[in-house]
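Labels below follow one simple rule: chain letters A, B, ... track the order of the sequence lines, proteins then strands, and each chain is numbered from 1. These numbers come from a predicted model, not from an experiment.
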There are 2 protein chains.
Amino acid sequence: MTAGDDEESGVAAGLIRLSFLVQAVFARTSERHGLTPVQAKLLCVLAGGPRGMAELAGILGVEKAALTGLVDRVERRGLAERSAVPGDRRALRVTLTAAGRQAATAFHHSVSAELDGLAAALPAAERARFGASLSRLAAARGAPALFPAAGP
Amino acid sequence: MTAGDDEESGVAAGLIRLSFLVQAVFARTSERHGLTPVQAKLLCVLAGGPRGMAELAGILGVEKAALTGLVDRVERRGLAERSAVPGDRRALRVTLTAAGRQAATAFHHSVSAELDGLAAALPAAERARFGASLSRLAAARGAPALFPAAGP
DNA sequence: TATTGTTATACTCTATAACTATA
DNA sequence: TATAGTTATAGAGTATAACAATA
């Protein structure tokens, strides 16, 4: 950051610029798949297996009341379903339908391809180091993967 | 990506994880400053100088009709103002008020500090390389800086 | 005709508070 | 009492379409 710079050049500024870029790619890809960004995120989380409402709210970082509406809308579109949890009559479990699984997988492939295309602007060696730093930073804050592997 | 991985580990997955992390920091910081994330972004853009409505819509990536409401709300809160453009009676120019300038600066300092704290999880040498890669990627797509320096 | 900006309308997303049912 | 989830309400953000005024 030498005197005379007329644009920010620190790591913080880079994080913000890249983050908005990635979010724009995510939003555009969601839209191409007929989903809102939050719906896409929800489907990807559910691809890792069924979840309770409160659990989902925690993962997505929204209040449980907001989650009610989110699940209503994906359910109305046939992408997910609420079902009872044996042993606790208060609780519900949200599961992807076959269409929801397909939508989640298709979206995930698309967004990954778009972002790999973005990263292709870096030479291979630099890209590898960059990816390692990304993982290290995300792990340091416990950021969850978007598309967790389904349980065994 | 060896067989047996049960979590994504490519660059695309890292970009998504980090991006959501940064957006969460951005949102939390906005809220602490009494702003929505879009309002914070708008104020930071305006810190670079006055802008027309259509120009702002382009920078923020929203339709001009949506921008009307965004500017209404920051104007109602005394953070920005619409004024006439001499020579074109259709056009308006949006300018930060003194309070808006102060809010933009304070927010920018806070969010930069938060993100520098995030990046502090990397050793200095790796952080420098990482920052360089961030800038290169953002520049490759023409991503604008959040907080552009005011014109000379 | 094209451009600048607003209005009208509808929908998604979100939070807070109050509620029901079950544990 | 505490937990799981919903309903009610309000507001922000967004898009599309139709409009007014000016260029």
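What separates CE of B:Met53 from P of D:dT22 is a distance of 17 Å, to the nearest Å. Atom CG in A:Leu92 sits about 18 Å away from atom P in D:dT3, given to the nearest Å. Atom CZ in A:Arg82 sits roughly 12 Å away from atom C1' in D:dA4 (whole-Å rounding).
Here the side chain of A:Arg17 pairs a donor or acceptor atom with the backbone of B:Ala143 at under 3.5 angstrom. Under the 3.5 Å distance criterion, the side-chain polar atoms of B:Ser112 are left unmatched by any main-chain donor or acceptor of A:Ala12.
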Table please: side-chain donor-acceptor pairs of residues 84-96 of chain A below 3.5 Å, with sequence neighbours left out.
residue	atom	partner	partner atom	Å
A:Asp88	OD1	A:Arg90	N	3.0
A:Asp88	OD1	A:Arg90	NE	3.2
A:Asp88	OD2	A:Arg90	NH2	3.2

Do any side-chain atoms of residues 65-72 of chain B form donor-acceptor pairs under 3.5 angstrom with protein atoms, and if so which ones, sequence neighbours left out?
residue	atom	partner	partner atom	Å
B:Thr68	OG1	B:Lys64	O	3.4
B:Asp72	OD1	B:Arg82	NH2	2.2

Only distances under 3.5 Å count here; give the side-chain donor-acceptor pairs of residues 114-127 of chain B to other protein atoms, sequence neighbours excluded, each with its distance to 0.1 Å.
residue	atom	partner	partner atom	Å
B:Glu114	OE2	B:Arg32	NH1	3.2
B:Glu126	OE1	A:Arg136	NH1	2.7
B:Glu126	OE2	A:Ser133	OG	2.7
B:Glu126	OE2	A:Arg136	NH1	3.4
B:Arg127	NH1	B:Leu122	O	2.8

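The shortest distance between side-chain heavy atoms of B:Leu18 and A:Leu15 falls below 4.5 Å.
For DNA chain C, the neighbouring residues in residues 59-76 of chain A, judged by any heavy atom under 4.0 Å, are A:Val62, A:Glu63, A:Ala65, A:Ala66, A:Leu70, A:Arg73. Within residues 21-42 of chain B, the residues having any heavy atom under 4.0 Å from DNA chain D are, by residue number, B:Thr36, B:Val38, B:Gln39.
If you check the side chains of A:Ser19 and B:Gln23, you find a donor sitting under 3.5 Å from an acceptor.
Under the 30°/60° scheme for interplanar angles, the aromatic rings of A:Phe20 and B:Phe26 are found to stand perpendicular. Between B:Phe130 and A:Phe130, the ring planes are parallel. Angles under 30° get that label, and only those over 60° would be called perpendicular.
Between the CZ atom in B:Arg101 and the CG atom in B:Leu46 there is a gap of 11.0 Å [rounded to 0.5 Å].
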For nucleotides 21-23 of chain C, tabulate all protein N/O to nucleotide N/O atom pairs closer than 3.5 Å, reporting atom names and distance.
residue	atom	partner	partner atom	Å
C:dT22	O2	A:Arg90	NH1	3.4
C:dA23	OP1	A:Arg89	N	2.9

